[in-house]
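Here is the structure we will look at.
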Amino acid sequence: SLVGSEMCIRDSDGTGRMGDFTEGDSSDRKRKGNGERQKSSCRRIDTGGNNMKVLIVGSGGREHAIAYSCAKSARVDKIYCAPGNAGIGQIAECVPIGAMEFEKLAAFAKEKEIDFTIIGMDDPLVGGVVDVFEAEGLKVFGPRKNAAILEGSKAFSKDLMKKYNIPTAGYENFDDADKALAYLETAKMPIVLKADGLALGKGVLICNTLEEAKAGVKEIMLDKKFGDAGNHMVIEEFMTGREVSVLSFVDGKTIKIMSSAQDHKRAQDGDKGLNTGGMGTFSPSPFYTKEVDEFCKKYVYQATVDAMAAEGRPFVGVIFFGLMLTEDGPKVLEYNARFGDPEAQVVLPRMKNDIIDVMEACVDGRLDEIDLQFEDNAAVCVVLASDGYPVSYEKGKEISGLERFEKEEGYYCFHAGTAWKDGKIVTNGGRVLGVTAKGADLKEARANAYKATEWVEFSNKYMRHDIGKAIDEA
């Protein structure tokens, strides 16, 4: 099971540039038809519809955490994951269909009579996978293409915040490198440059000098370091403060906050080195105080959901709020249109609700009926990566020690980049595993997580040793 002893294994045969901003074609389309196909199965919680077949789209630690939560659900009988990984394959049947192969995914869901599909990754959401599933009458959790633009275009999200007075950093959008360079001449340093589109969480440059900033514009817009994501660019004022992530469930009109978390993006200890997809995280954040929560509920969370609805882009799924706690109050750094990775790994194991009940309520537009509850504890995730990540690294290294997690309560090993090879689990990516542990408080959870990192070995294992250092500063 590899993900904690309380896991109940359901199955073991199984051996990630938007168009124009004006595409608001769904303003009057409700998410109808989403539950009509299977009336008996799961329209409402009290009917106790069970024996569900669930499909998860994605292949990382986030999807493993989602699969783990689905496997705990009394309503789920069978889990498929496309394309999945070695760890997911121990609780689900992995299917060799890529996350961007929308038509194939929808055809598979129809063939297998899948009751509910969960899209984990940003790329397919921004590309419109939900629209493809809905067009086939399939029930699917995640925002449509015209709502996923909240993450898919930084320029769109900044303009949305400006229009609806949601607090964020001052900024300008550019689609011409010469104009961007001219703007920098009079701008205050340090300054932040953001590629407009998806760039695996790495398309943000913090520049301390004018020279760095000019080089950054060249990198993003001319050299196309992030590909088409750099066709447009946002230049933003540099904010200082603590960063906090907040995950939420949304049904188009109602929003329910899950929990706060704090990520560690840099590759090396002391927040040095290159940006990564995330080297570890902890939840809840001690800096996400009652005052911050009240401010965000008043000015950020519902305001964002209402803004998207007003634009004819009702958002259904998970909104991840990246917040900066500045001297002038909390401000939105970014939105993501799905669970964070590795934030999902520290938030989902602490959720008391059945994940299917909650996600189905989002799709059905009745999230207001759900009493979302989390354990009063903490969790820390330390990512075990391949040495050399995020630049170049070797794959195919045998991993040992994973069986220990089956025996220990409150310890989880979520697979990010693993594969089966000759009957053994081997490394298959930069981020390999997310070793996660709970504790009564953050310090205990951190100690437990680092203890558990010692259970696992592979020859080029690399990790940061200071995940959760901010816990001591709270």
Side-chain angles (χ1 to χ4, degrees), residues 16-21 23 60 99-100 121-128 143 145-162 168-184 187 189-239 243 245 263 265-267 273-279 319-324 331-338 340-341 389-391 430-431:
R17 161 81 185 165
M18 292 291 310
D20 254 326
F21 296 161
E23 53 153 73
M100 297 303 287
M121 298 169 66
D122 46 0
D123 284 341
L125 288 169
V126 169
K145 180 173 183 172
N146 77 339
I149 191 174
L150 189 65
E151 173 172 11
S153 167
K154 293 191 172 67
F156 170 85
S157 68
K158 293 297 288 191
D159 289 345
L160 185 86
M161 288 185 266
K162 184 189 243 176
T168 189
Y171 73 101
E172 292 290 339
N173 295 332
F174 295 92
D175 51 16
D176 179 319
D178 290 334
K179 286 181 178 164
L181 291 166
Y183 174 79
L184 288 174
M189 299 293 147
I191 203 157
V192 181
L193 311 182
K194 294 181 174 181
D196 176 56
L198 297 178
L200 296 172
K202 302 179 186 118
V204 177
L205 304 178
I206 296 168
C207 305
N208 292 306
T209 65
L210 180 59
E211 288 66 37
E212 275 181 38
K214 284 178 169 176
V217 169
K218 182 173 178 296
E219 206 170 274
I220 292 173
M221 297 197 81
L222 300 177
D223 300 344
K224 292 281 190 270
K225 181 177 179 185
F226 307 108
D228 289 346
N231 291 348
H232 304 259
M233 190 176 79
V234 178
I235 300 184
E236 194 175 82
E237 72 169 315
F238 177 74
M239 298 189 289
E243 279 188 52
S245 310
D263 191 12
K265 283 284 188 204
R266 296 299 188 101
L274 295 169
N275 261 339
T276 70
M279 291 299 293
I319 298 181
F320 168 124
F321 296 86
L323 303 172
M324 177 73 85
K331 294 187 179 183
V332 178
L333 275 173
E334 64 171 355
Y335 295 112
N336 290 335
R338 35 74 194 179
D341 187 342
Y389 172 75
V391 184
R431 292 192 293 177

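One-based numbering along the sequence shown. Please read all numbers here as calculations on a predicted model, not as lab measurements.
The pair Glu236-Lys154 does not meet the salt-bridge criterion, since no charged nitrogen lies less than 4.0 angstrom from a carboxylate oxygen.
One distance of note links CG of Leu184 with CZ of Phe174; it measures 7.0 Å at 0.5 Å rounding. For the atom pair Phe238 CZ and Ile206 CD1, the distance stands at 5.5 Å (nearest 0.5 Å). The CG atom of Asn275 sits 5.0 Å away from atom CZ of Arg266, with the distance rounded to the nearest 0.5 Å. Taken to the nearest 0.5 Å, the CD atom of Glu172 stands 11.5 Å off from the CE atom of Met233. Put simply, CG on Leu205 and CD1 on Ile191 are 12.0 Å apart, with the number rounded to the nearest 0.5 Å. Interatomic distance, Ser157 OG to Lys194 NZ, rounded to the nearest 0.5 Å: 7.0 Å.
In this structure, Lys162 contributes its side chain and Thr168 its backbone to no donor-acceptor pair below 3.5 Å. Without hydrogens or angle criteria, Glu334 side chain to Gly322 main chain gives no donor-acceptor distance under 3.5 Å. No side-chain donor-acceptor contact under 3.5 Å links Lys145 to the backbone of Leu125. Judged by distance alone, with hydrogens and angles left aside, the side-chain atoms of Asp263 form no donor-acceptor pair with the main-chain N or O of Lys265 at under 3.5 Å.
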When you look at Glu219 and Leu193, which way does the side-chain contact (heavy atoms from CB on, under 4.5 Å) test go after all the steps?
CA-CA 10 Å; Glu219 206 170 274; Leu193 311 182; over 6 Å; no
side-chain contact (heavy atoms from CB on, under 4.5 Å) for Lys218 and Asp223? Distances and angles first, verdict last.
CA-CA 6 Å; Lys218 182 173 178 296; Asp223 300 344; 3.3 Å; yes
Could you please spell out the steps behind the side-chain contact (heavy atoms from CB on, under 4.5 Å) verdict for Tyr171 and Asp159?
CA-CA 9 Å; Tyr171 73 101; Asp159 289 345; 2.6 Å; yes
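Pairing each heavy atom of Pro124 with each of Ala99, the nearest pair is CB-O, 3.4 Å. Between Pro390 and Ala267, the shortest heavy-atom contact is CD-CB, 4.1 Å. Pairing each heavy atom of Met221 with each of Lys224, the nearest pair is O-NZ, 2.7 Å. Looking at every heavy atom in both residues, Ala180 comes nearest to Val217 through CB-CG1, 4.1 Å.
Legend: residues meeting salt bridge (Lys or Arg N to Asp or Glu O under 4.0 Å) with Lys214, ordered by chain and number and at least two apart, are Glu185.
In this structure the side chain of Asp122 never reaches within 4.5 angstrom of the side chain of Asn336, judged on heavy atoms. Side-chain contact between Glu151 and Ile319 is absent, with no heavy-atom pair separated by less than 4.5 Å. No side-chain heavy atom of Leu323 sits under 4.5 Å from any side-chain heavy atom of Lys331. Between His232 and Asn173, every side-chain heavy-atom pair lies at or beyond the 4.5 Å cut-off.
In this structure, Tyr335 has its ring center no closer than 6.0 Å to that of Phe320.
Atom NZ of Lys179 has 12 or fewer heavy atoms from other residues, nucleotides or ligands within 6.0 Å.
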